[in-house]
> 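First, the structure itself, so that you have it in front of you.
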Number of protein chains: 2
Amino acid sequence: MALLGVRAVVFDVFGTVVDWRGGVAREAASFLARHGAAGADPGGFADAWRRRYSPAMEEVRSGRRPFTRLDVLHRENLEELLPEFDIDPGRVSAAELDELTLAWHRLDPWPDVLDGLARLKTRYIIAPLSNGNIILMLDMAKRAGLPWDAILGAEVVQAYKPTPEAYLRTVDILAMRPEEVCLVAAHNGDLAAARRCGLRTGFVPRPTEHGVGQTTDLHAEQHWDVVAEEFGALAGRFGV
Amino acid sequence: MALLGVRAVVFDVFGTVVDWRGGVAREAASFLARHGAAGADPGGFADAWRRRYSPAMEEVRSGRRPFTRLDVLHRENLEELLPEFDIDPGRVSAAELDELTLAWHRLDPWPDVLDGLARLKTRYIIAPLSNGNIILMLDMAKRAGLPWDAILGAEVVQAYKPTPEAYLRTVDILAMRPEEVCLVAAHNGDLAAARRCGLRTGFVPRPTEHGVGQTTDLHAEQHWDVVAEEFGALAGRFGV
C-alpha cells in the first residue's frame, strides 16, 4: 500500500489546513474601514498581501538575506502594500500594524481539519511543515485546537520551502528516512519539491483557498501517494 | 503577584518532568543481564550514563564541537560507558546499542505531571526547554501523553543550557519579553541561568531524581518566583 512505512505526517498549513484568505479578510475589513478604504475588497487585500509572500521568501531562499521569520516578512509586506489601497503606512501606528500582522496567527481551519488530525494523531506523529514561524503556528494551533505533536517547519530548519533543505532537514530532525515522512498539501508545487527529496506525498485540494473562481491546484498534477477530498477521507486512507 | 504577565511556561524535562533514572534503569536491567553483567546495578548504570551527559554537552557549549543532538551524544556516551561494566561495545550490535539509546525516549513522567500540565495548558503556552533533541522529546511526549503546545529547546536554538543563548533564543522564538516566560525546573543551576537572562523561575523539587539518598537540589537555593512541591500545586500558583 502506498503509505506503508509512513511514521510522520507533516502538513503545509496556509491553504491546506487553514483558510488564510477568509481569516485575513475578516480582520482587514475593519482596518480598511478605519483608514478610509471602506470601499476596498478585504479579500482582494488578503490576496495582495499574500502575493508579496513568495517574493519576500525568495530573498532568503536565494541567500541574499539571512533567514528571517515570516512574521517579519508579513509586517514588511504590509507596509509596502498599504499604498496600493491609498493608505499611508506612516499614518498608521506601529501597534496597529503589528496587530493586523497577527491576523495570520488567527486563521480558522477548514471544517474537516480538526477531526482528521485527531484521527491521524492516534497513530502518526503530526506536525506542520510550514513556512510560518513557530509562534505563528503555535498561536494558531492554540486558538483553533490543532493537536500538533510538535511545531516543525521553516524556522526550525532555517530554510523556506520549496528549497530541499526545508524538507530534508525536517526529515533529519525526525531521525527518519524520507519515505517515512508524508507531506500533505493543497499545492502541487510543494508536493513536487517534497517528492524530489524522497518524501511521500498527499494531496487534498482546497478549491476555494483563493476564493471563488480559483484556477490553480484544483486537481492532482502528478500521481501522488494519496489524494483525498478532505482530511476525514485522508485519515481513512492512512488507516485511522 | 510574582507570576503576573507570564504567557509561556517552559520546562526542564530530565528530572523535572520525567524520571530518567528509573526509566533508563528499567531498560538497562535486561541489557546488562544479556551481556553477562546481571550483577550490576541498573540504577548505577543509569547514573554512570548520565554522568557523561554534561561533559559531552560541554564540548558543544565551549565551541570545540558543532551543535550535535543529544541522541548522538547519548549513543557515544553509551559506547564509552560499557567497559566500566565489563562489556565490550565491539561485541554488541549497533542495532542493540541504538535501541538502548532510545530508552531516553521512553521515560515516564512523575505522577503529578500530566494533570498539572493539562491545567497549565488551558491558559499558558507550555513547552519543553530541554537539552533533549526534538524527536526525543516528541517520542517521549507521544508515549506518555505530555500535552506540549510545541517542542522547544536545545535543538531548535542550537545551543545547550545553561548557555544564555539557550534561554534567550527561545524567548526570541516566542516573540516575548524574557519576563513573559517562566522556566520550571528541579535544578537550581538551570533556574539561576534562566534568571540571569531575565526569565521568571519556578522550582519543583524532585528529591528522588538521583535515587534515595539524593543530596542536591532538595531545596530552593534562591528566592525563585514560585516554589511548589509538585505540578498540581504549581498549576494552582499559576491560577489554573
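Protein chains get the first letters and strands the later ones, always in sequence-line order, with residue 1 at the start of each.
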> Any idea which of A:Ile151, A:Val156, A:Ile125 has the most non-hydrogen atom pairs under 4.5 angstrom with chain B?
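The option with the most such pairs is A:Ile125.
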
> Sort B:Ala150 into side chain, backbone, both or neither according to what part of it lies under 4.5 angstrom from a heavy atom of chain A.
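Both parts, backbone and side chain.
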
> If you tally heavy-atom pairs under 4.5 Å against chain A, which of B:Leu152, B:Leu138, B:Leu136 wins?
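Among the listed options, the one with the most contacts to chain A is B:Leu138.
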
> Enumerate, by atom name, each donor-acceptor pair separated by under 3.5 Å where one atom lies in chain A and the other in chain B.
residue	atom	partner	partner atom	Å
A:Arg69	NH1	B:Asp172	O	2.8
A:Arg69	NH2	B:Asp172	O	3.4
A:Arg69	NH2	B:Asp172	OD2	2.7
A:Lys121	O	B:Lys142	NZ	2.7
A:Tyr124	O	B:Lys142	NZ	2.6
A:Lys142	NZ	B:Lys121	O	2.7
A:Lys142	NZ	B:Tyr124	O	2.6
A:Lys142	NZ	B:Asp149	OD1	3.4
A:Lys142	NZ	B:Asp149	OD2	2.6
A:Asp149	OD1	B:Lys142	NZ	3.3
A:Asp149	OD2	B:Lys142	NZ	2.6
A:Asp172	O	B:Arg69	NH1	2.9
A:Asp172	O	B:Arg69	NH2	3.4
A:Asp172	OD2	B:Arg69	NH2	2.7

